[in-house]
Each structure stands twice: as C-alpha cells, then as structure tokens.
Amino acid sequence: MDKYSFLNAAHTSYFAELYDRYTKSPDSLEPSWRAFFQGFDFGLESSLDELDIQASKNGTVASVNGQAVELPQSLQKEFQVVKLIDGYRSRGHLFTKTNPVRQRRKYSPTLEIDNFGLSEADLDTVFDAGNTLGIGQSTLRSIIQHLESIYCDAIGVEYMYIRTPERIQWIQDWLNVNDNHPQFTPEQKKGILGKLNEAVSFESFLHTKYVGQKRFSLEGGESLIPALDVIIEKAADSGVKQFVMGMAHRGRLSVLTNIFGKSPKDIFSEFDGKDYEEAIFDGDVKYHLGWTSKRETDSGKMVNMNIAPNPSHLETVNGIVEGIARAKQDHSHQENNSEVLPILVHGDAAFAGQGVVYEVVQMAKLDGYETGGTIHIVVNNQIGFTTNYLDARSSTYCTDVGKVTLSPVLHINADDVEAVVHAATFALEYRMRFKRDVFLDLLGYRKYGHNEGDEPKFTQPLLYKSISKHPNPRDIYAERLINEGVIDSDYVNKLEEDYKKNLEEDLMDSRKIEKTRITPFMRDEWQGFEPVTEVAMLQKIDTSYNLKKLDEIAKGITELPKDKKFLRKLERLVDGRRQMYFDDNRLDWAMGELLAYGSLIEEGFDVRMSGQDVERGTFSHRHAVIKTEMHEEEVILLNELGKNQKGKFHIYNSLLSEYAVMAFDYGYAMASPNTLTIWEAQFGDFSNGAQIVIDQYLSSAEDKWKLQNGLVLLLPHGYEGQGAEHSSARMERYLQLCAKDNMYVADVTTPANMFHLLRRQMKASFRKPLVVFTPKSLLRHPKVVSTKEEMANGSFQELIDDDSANAKKIKSLVFCTGKFYYDLLAKKEELERDDVALVRLEQLFPLPSEGIRDIIKKYNKADDIVWAQEEPRNMGAWGHLLMHMEEAKQFRVASRRFYGAPAAGSAVRSQRRHAEVIAYVFDKTKDNFKNK
C-alpha cells in the first residue's frame, strides 16, 4: 500500500478535480493518473457490489490494478459525488420535465443517490466536488439541487460524448451560469411575450378567416418564433450578415410573416387562390414558396434573410440550404464564413426517418461542403401524420443523428418559452464559438391533425383529449408574467387586439388585389438574368475563344511544377497532354473539358465540381487534382494559370451520397449564377439516388418558383458490357421530364462540342439546368478527338451531319446519339456503305426539330429513315422523339427489345444484342424484334 500512501496526505478537492477531468477526457491526464483512475470501476452500469471494495477502520480498501489500496473514506465519498455529477451530465436529459402533454418514458438506472454509493446520511456533508460545478464547497443536498436545476428541468442536454475537452468545458461553464436558467429583464420578457403573441394570434386569425383550409399551423410549437427571433437578433450583434433558412410546411406561414416580414396581405391573397400575374408561371402552394428580405434588428443591424423554397418531400431542402450558404460564403464572406448562418427547421418524424438528414449531417466538416456550423431546430410534434413516435424510430430521440458529428443536443419543453429562448441563445453562441452544428429539440405538440381538415382522434384519441384541454404557450407564459408582476391581466388582450387589427387591415387590402404576384427568390444574385423560352434556348450563343489565350491555358495545364516530384505515370500523362495540344493537335475528351474550364476561369467565372471521385474521374481521365509522390500535396493546374487566373477552380470528391450532394450543388448554383456548378455521377444510373432533387427542383423549380438554375449534371452513359447497373444513365427519365423551356439535355460525341456546351452554360444571359450523358469508352477512343481550332473558332452543334456523305447517294438516313454513333461508324466503314448517312443528335432537348427536318430534306433520296439507339425500345430517346416530333412516327427504329433491366448481365448476351441492333440498322431484313 506504500505506493499509494500519498492519497492520505493530498487534499480531496485536488482529487475531485482530477477525477472530474478524467470523466470528461481520460487522455488529458498523465498516464500514471489515468492508470490510477482506470483501476476504479465506478461505471454507472456496474453496481457497488461488483466493486472489490471492503470496509476498513479508517476508510475502504479497493483493488486498483491488482493492488490493494486503502482510500480515506472522505476521498472515496468525493469520488462517488464526482461520479454522481458525471451521471447527471451524461444521463440527466433522460429525467427532464420536457414533455408538455404526456409523461416521459421511464429509464433505469435512475439518478438516485444510492445508485452511486451515497445515502441520505451524506446529504448535509460538505464536498469539495462542488468546485467542479463552480459553486465551491457545498453540501450534497445543494449539489443535487444544482444538478437538478441544470440537467433535469425544462432543458435536457446531451454533450458528454464530445471528445474535445475544450468544448465540454465551455458547455459546462455555460450551463453552470444561473443553474442553466435565464435571467431576463422585464422588458426582455415582454419582448418574448410579444413574439409569442404574434405566433398564436396569427394562427388563430387564419383559423377563423379560412376555415378548413390547409395551413399546417404551428399551434403547439409557437415558441419557435421567439427562438428564431432571438437567434437573428443576437447573431446580427455577433457579426452575422446573412441567414439562409430551410423548413418544411408546418409553421412556415408564421415564420414568413413574423420573422421574415412577408406582408400578411400577400399570404391572404395566396389563401384566396387568385391566379398569378405571369401566364407562364404555374406557381405552388403558399407554404412551399421561398422568400428573401432585408431585416433591421433591434440594435440597428441590417441583415439579409433567405428562406429557401421547398417541396413536400421532407428534408430535401436541407442540402439546398447548405449549398446556398456555402455559395454566399465563397463569394462574399471568404474571410469569415460565420457571417452566413444556415438554420434548418425540421419535423421530428422526418428528421428521424429521412436518410438525407444523415447525409447532410455528415457533410458538416467536409472541405467541399462545410458551412461553419448549422443550427438545427426540430419542431417536435411527437407524431408523424398519424404515426406514433414509438413506431417512427428505434432511437431514444429523433435527434440522435446529431451525435454522429459529436454535436450538442438540447431537448426543451416548448411550453416553457424562456427555456426555449435560453437554449436558442446557447445554440447561437456555440455555433459562433466553435463553427460546428448544434441541435435543438423543441418538444411540443400538434394542435390539429396533419392538416386542419384531418381528424387526429381517429388514431390518437388519448393524446388529443389531453391536447384539447391544454393552454397555448402564450397563455401559459402570460400567466407566469402576471404572477411575477411583470404585466397585468389586460396586457395580453391589448397585444392580441392590436396585432389582429393589423391583420384585419391587411386582409381587407388583399381583397382589392386581383392577382397574386410572386417575388423572385434571391433577386440580388440574379440581376441581369431573365427567364427565356425554348426559342431563345435554341438560338446560337457565341462560345468561341481566342486561340492565343487557349494556347496559354493549354500551357498552364500541361506543365507540372518543376520543384515537386510526381509519379512517373502522372508525368507521362501531363506530358502526353502537352504533346496532343502543341504537337499533334488531336485533343481528347479530358483536354476538351479542362480547356473549357480554363477558358471560363480566364473570363472571370468560377467553376465548382463535386461528386464521387471527380478529382481523378471515375475512369481516370480527368486528373484535375494531381498529387506529389512523397507527401500527397495537391496541385490543381487550373488554379496555376498566372495572369490568366481571374476565376477559381474548385473540385471536391464528395461523400458517397447522391441525394444530399446533388441538393447541395443545386443550392450552390441557385445562389451563384456566375459559377459553373457541376455534379458528376460515378456512373449515370447512380443519379437516381437523387431523384427527388431532379423531380422537385431541377426539372420544375422554374415553373413552380420562378427559379433559374444552371446546375450541370454529368452522367456517364453507354453500353459496353458492364451489366444492368453501369450501362444506362436512364436517359428516358430525364427526357420525360423535359417540357417547354425547363432544361437542356445533351449527349455529345466530340471534345470540341463538349467544350462549347460547357461554355454556352455560362455565356448565355439566362440559366437552365444542363443534363449531359457523358462517355466512358470514348474518353480514350482514337476517333474521339478535336482540334484546337474547332474549340477556338467553333460553336455548339445541336446536330452533326455526316460530312462524308454524298446526299445524292444516300438511301438510308440514320439518326443516333452519343457513343452508339462510333459503333455504327465502325460497321459502316467495315461494310463500305456509302449509301448510309449517320447523323448525330447532340442536343436532345430542346429538340432541334427544324434542324432535323432540314437534314431530312437534304437527304431527300433516302427512302429509309432510321432512329438507332443501343438502349431497349422502352428506354433511351425513342419515346422522347415520338412525343416531340410528328415525323418520328415514320422512322424505322433499331434498338434492343423491350426489357425491364437496361442491359444484360452476361457480356456474351450483351454483345449479341448489341450486334443485332447494329445489323438491323444496315439491313432492314434483320429485325431483331422478330423470332423473340
């Protein structure tokens, strides 16, 4: 025992502080102390009976690392009190008063003192462990009261899993102030009551004026409004200049009016169902629309406010918001990204159930996607439509995904508005201090059904019996302030009367408006960009580029830094690019792509590309990021263009996600029209993991929300025997979504045409999404080359005619698209068929119908017009042609048969089918549809 005899001499407060540090971060202690504390098994999962502790005359004898150590009884008790404190910090959130409408579930073990080797006899004993709470030496009774107040009242805090001692200490210091209870002045309390009154009165006004109409009210969660208000007010004082917010439909109208300042009369016009001013604008329901506004805070700060438009697909907007925020940070707040604050408001069922939540949370600290911390607020109704929370998740809390990034999570009783505002203040200060995510879980209820016409008692009769008798948060708080003497009984009535009087005036004004006008989202960012029709989309845009400047860019991307060592293969690759440009003048796909980016950068545009493996490229063609051999230092030659460097090239390998990443990049393009923003799929068919973004934003946002967007999707596509999963980018799905003027779709076949297509995306005075079906085998095909002159002097070609064809000799005119052209060309050359013309359709939408008709007129001797595709008949572009061009009904179709899977898994079978289609193109008697 001599080895540990110092235990008798040292002061117990010293050990208490050491042990407290050990519970937070064992690695922060010296190894000898860490080994000492590891010898004790004071874990909450173990009972004291399992400890090898025996009573002795003056204290206890414990087994520490196999050695018997006599501990002074006072020291043993100190350790047990520290363990009690740690128990409250770790598990106090399980025993809070946070549920306003029903009893909490029971958890064990509890925080009763006998579970920590303490008894009632110890309650009045003074312990040094109180120092770790900032209250000095205190009785056990006082320590417990302090812990109950901090951890087990209206706010539950989860944070002890955080692995950074600095963050844990900051949180504990913050919570220790006033026992985690706010001390608001009477004026501050009146301000909170005022915002709460706005939330309650707005909903009750709508309920009486628009009976039975869907509005997805906030009732039961009205404390969200003062929470958002305090975040914005305090954030502005902390230097935040811009807010980007995303939320679903519940409570959105209240947020628009009471936080973003949208005029109630505009909302009333939307309720009245009036038509829109614009004939070509289809619009959307009122609780999906986005909004941008300027707000002056109470302290005189002017801030920019954005709430992103959202579909009914819950949580999709999360990635959109993060992308918008990142774009704003990259372009206007590069020195301090904290000046842009993303706020995401979630529903409990969606937050627990939608996988995109996890994907977005995982982005939080990634170089290509981090936004300096997001404040997540869950408006927890404890129900999803009709589904009870016990059926909606396996985790304890709906917010447990927040622990993935070791973020603090606060659970708050939404009826206690002061606790909600207090927690919101914590969230803001934490985010500004650490630039990390933080999660608030506002436990409330939903007063009505999923919408105001739904009957919730069908499925939750007991819960809604309780809710029907429950007072709203404003009345609860008003009664509290009356009892405190802050206000009198007439104060709230006057507040409500004045607010509703203003709403009544707005309602009357709205009835004088004949049509609804939708204000464009983020108008400032989109100055100079006007929506256009497909007529303008089909007009030629000058995408030429000065050849001498192109030479300079080519030089920049074909010379490696001489002071760095690279792999021999990379040196040969870069030197090969130099040779193909300056010696051979035969530029491959990668050079066409990189030169397009470089030319745009020289003209002052930025380029952002992200997706899985995009830095090298799935098929090892791009090598936009080159790493040194010894230290893996990254070199991006497109950012080393010297005097030609006006814009920046940003490229990021993404996490293995399609849904969230495409949403992020769409949001980025939404906020940055002068950045060529590209999302590339690893294989084209993987894009269907982001189908919701494609359907709800990419293809329809301009119709619904007047939103232009220039996001580019690069989708590798082509039948090369790789099986069902890696052949087709599901071209037919994108083409089915095409209508009027909503997007471009292309399947180009030359590096020069890709060069001009990418440049057109930025050189146009408008923005449309662009979907490009990109090659795989063509990346290194000897015939897939272009000259530098074709890039410098040419333009994008929607159709590429057969320059080898003599129109007078042509009997078969074959239209095709993409990689299949080269398969047909090889067969044509093999057969030496000079009576066949192969014409490439490079742009699939808007379909260049007039150009196709001109080609048909040119080859007027042809008695056989063929549409040839390598995809099955029910896939590819054939159905699209039928819908958009009457003449297509007369075409002979050469394709695979109808199949459920895009391609065969067997390479032999795939080759056979491919050969059958090609044979039928050149010989109409070899119809592969016969003899099925």
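Side chains included, hydrogens not; waters and symmetry mates left out as well; all remaining heavy atoms used. All residue numbers refer to positions in the sequence shown, counting from 1.
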ask   = Do we see a donor-acceptor contact under 3.5 Å between the side chains of Tyr445 and Asn380?
value = no
message = Quick one about Asp237 and Ser299 (side-chain donor to acceptor, distance below 3.5 Å, no hydrogens or angles considered), yes or no?
response = yes
request  = Grab the two heavy atoms, one from Ala308 and one from Ile324, that are nearest each other, plus how far apart they are.
outcome  = CB-CD1, 4.2 Å
message = For the backbone of Ser142 and the side chain of Ser138, can you confirm whether one donor and one acceptor N or O come within less than 3.5 Å of each other?
response = no
key: Cationic N near anionic O, under 4.0 Å, Glu233 to Arg295   = yes
query = Without hydrogens or angle criteria, can the side chains of Glu418 and Tyr477 be said to hold a donor-acceptor pair below 3.5 Å?
reply = yes
Check: Gln329 side chain, Ala327 main-chain N or O, donor-acceptor pair, under 3.5 Å = no
key: Pair Glu339 + Lys328: basic N to acidic O under 4.0 Å   = no
inquiry  = Please check this pair: side chain of Asn337 against backbone of His333, looking for a donor-acceptor N/O pair closer than 3.5 Å.
reply    = no
key: Flag side-chain contact, heavy atom, 4.5 Å: Met245 against Met247   = yes
message = Using a 3.5 Å distance criterion without hydrogens, assess whether the side chain of Ser149 forms a donor-acceptor pair with backbone atoms of Gln145.
response = no
task = Please check if atom CG in Asp173 has more than 12 non-hydrogen atoms from other residues, nucleotides or ligands closer than 6.0 Å.
result = yes
message = Does the Lys NZ or Arg CZ of Arg105 fall within the cation-pi geometry relative to Tyr389 - under 6.0 Å from the ring centre and within 45° of the axis?
response = no
inquiry  = Between His93 and Tyr151, does the ring pair (Phe, Tyr, Trp, His ring centres under 6.0 Å) criterion hold? Intermediate values first, please.
reply    = CA-CA 6 Å; His93 58 87; Tyr151 295 106; 9.5 Å; no
query = Do the ring planes of Phe426 and Trp174 sit parallel (below 30°), tilted (30 to 60°) or perpendicular (above 60°)?
reply = perpendicular
ask   = Should the pair Phe439 and His376 be assigned to parallel (<30°), tilted (30 to 60°) or perpendicular (>60°) ring geometry?
value = parallel
query = Taking atom types as modelled, is there a side-chain donor on Asp665 or Ser610 under 3.5 Å from an acceptor on the other?
reply = yes
ask   = In Å, rounded to the nearest 0.5 Å, how long is the span from CG of Leu406 to CD1 of Ile162?
value = 7.0 Å
task = Find the distance between CG (Asp606) and CZ (Phe649) and round it off to the nearest 0.5 Å.
result = 11.0 Å
request  = Determine the minimum heavy-atom distance between Arg431 and Pro342, stating which atoms define it.
outcome  = NH2-CD, 3.8 Å
ask   = Thinking salt bridges, do Arg433 and Glu166 make one under a 4.0 Å N-O criterion?
value = yes
request  = Verify, without hydrogens or angle tests, whether Asp400 (side chain) and Tyr397 (backbone) share a donor-acceptor contact under 3.5 angstrom.
outcome  = yes
note = Between the CD1 atom in Ile692 and the CE atom in Met662, the distance rounded to the nearest 0.5 Å is 11.5 Å
ask   = Any side-chain donor paired with an acceptor under 3.5 Å for His331 and Glu525?
value = no
ask   = Between Arg436 and Thr405, do the side chains contain an N or O donor and an N or O acceptor separated by less than 3.5 Å?
value = no
ask   = What distance separates Tyr668 OH from Ile678 CD1, expressed to the nearest 0.5 Å?
value = 12.5 Å
key: Donor-acceptor under 3.5 Å (Glu658 side chain, Gly689 main chain)   = no
inquiry  = So that I can tick it off, tell me whether Lys97 and Asp415 are bridged by a salt bridge, with the cut-off set at under 4.0 angstrom between side-chain N and carboxylate O.
reply    = no
ask   = Just by distance, do the side chain of Asn709 and the backbone of Leu711 share a donor-acceptor pair under 3.5 Å?
value = yes
query = Does NZ or CZ of Arg608 lie under 6.0 Å from the centre of the six-membered ring of Tyr369, at an angle within 45° of the ring axis?
reply = yes
query = At their closest point, which heavy atom of Leu440 faces which heavy atom of Ala423, and how far apart are they?
reply = CD2-O, 3.7 Å
task = Report yes if the side chains of Asp416 and Pro100 come closer than 4.5 Å at any heavy-atom pair, otherwise no.
result = no
ask   = Going by atom types only, do Asn306 and Asn304 share a side-chain donor-acceptor pair under 3.5 Å?
value = yes
query = Between the main-chain N or O of Glu615 and the side-chain N or O of Asn653, is there a donor-acceptor pair closer than 3.5 Å?
reply = yes
message = Strictly below 4.0 Å, N to O, side chains only: are Arg89 and Asp86 in salt-bridge contact?
response = no
query = Can you name the residues that form a side chain to side chain contact (heavy atoms under 4.5 Å, CB included) with Thr185, not counting sequence neighbours?
reply = Glu187, Gln188
Exercise: identify the closest heavy-atom pair between Ala199 and Ser254 = CA-OG, 4.0 Å
key: For Arg616, all residues meeting salt bridge (Lys or Arg N to Asp or Glu O under 4.0 Å), sequence neighbours excluded   = none
task = Run the salt-bridge test on Lys627 and Glu633 with the 4.0 Å N-O cut-off and return the result as yes or no.
result = no
ask   = Distance only, no hydrogens: is a donor on one side chain within 3.5 Å (strictly under) of an acceptor on the other, for Glu680 and Gln612?
value = no
request  = Could you check Lys403 against Glu158 for salt bridge (charged side-chain N to carboxylate O under 4.0 Å, His left out), going step by step and ending with a plain yes or no?
outcome  = CA-CA 9 Å; Lys403 299 173 188 175; Glu158 294 184 272; 2.6 Å; yes
request  = Return yes if a side-chain donor-acceptor contact under 3.5 Å exists between Gln137 and Asp128, otherwise no.
outcome  = yes
key: Short side-chain donor-acceptor distance under 3.5 Å, Asn310 and His249   = no
ask   = Below 4.5 Å, heavy atoms only, C-beta onward: do Thr96 and Ile155 meet side chain to side chain?
value = no
key: Minimum heavy-atom distance Val255-Ile307, with the two atoms named   = CG1-CD1, 4.3 Å
key: Minimum heavy-atom distance between Asn381 and Asp348, given as atom pair plus value   = N-OD1, 3.1 Å
ask   = Got a second to check how far Asn131's CG is from Glu78's CD, nearest 0.5 Å?
value = 9.0 Å
query = So, Tyr358 and Ser657: side-chain donor and acceptor under 3.5 Å apart, yes or no?
reply = no
query = Under a 4.5 Å cut-off applied to non-hydrogen side-chain atoms, are Thr677 and Tyr666 in contact?
reply = no
request  = Quick one: sort the Phe434 and Tyr430 rings into parallel, tilted or perpendicular, breaks at 30° and 60°.
outcome  = tilted
task = Verify whether one side chain among Gln382 and Asn99 offers a donor that lies under 3.5 Å from an acceptor in the other.
result = yes
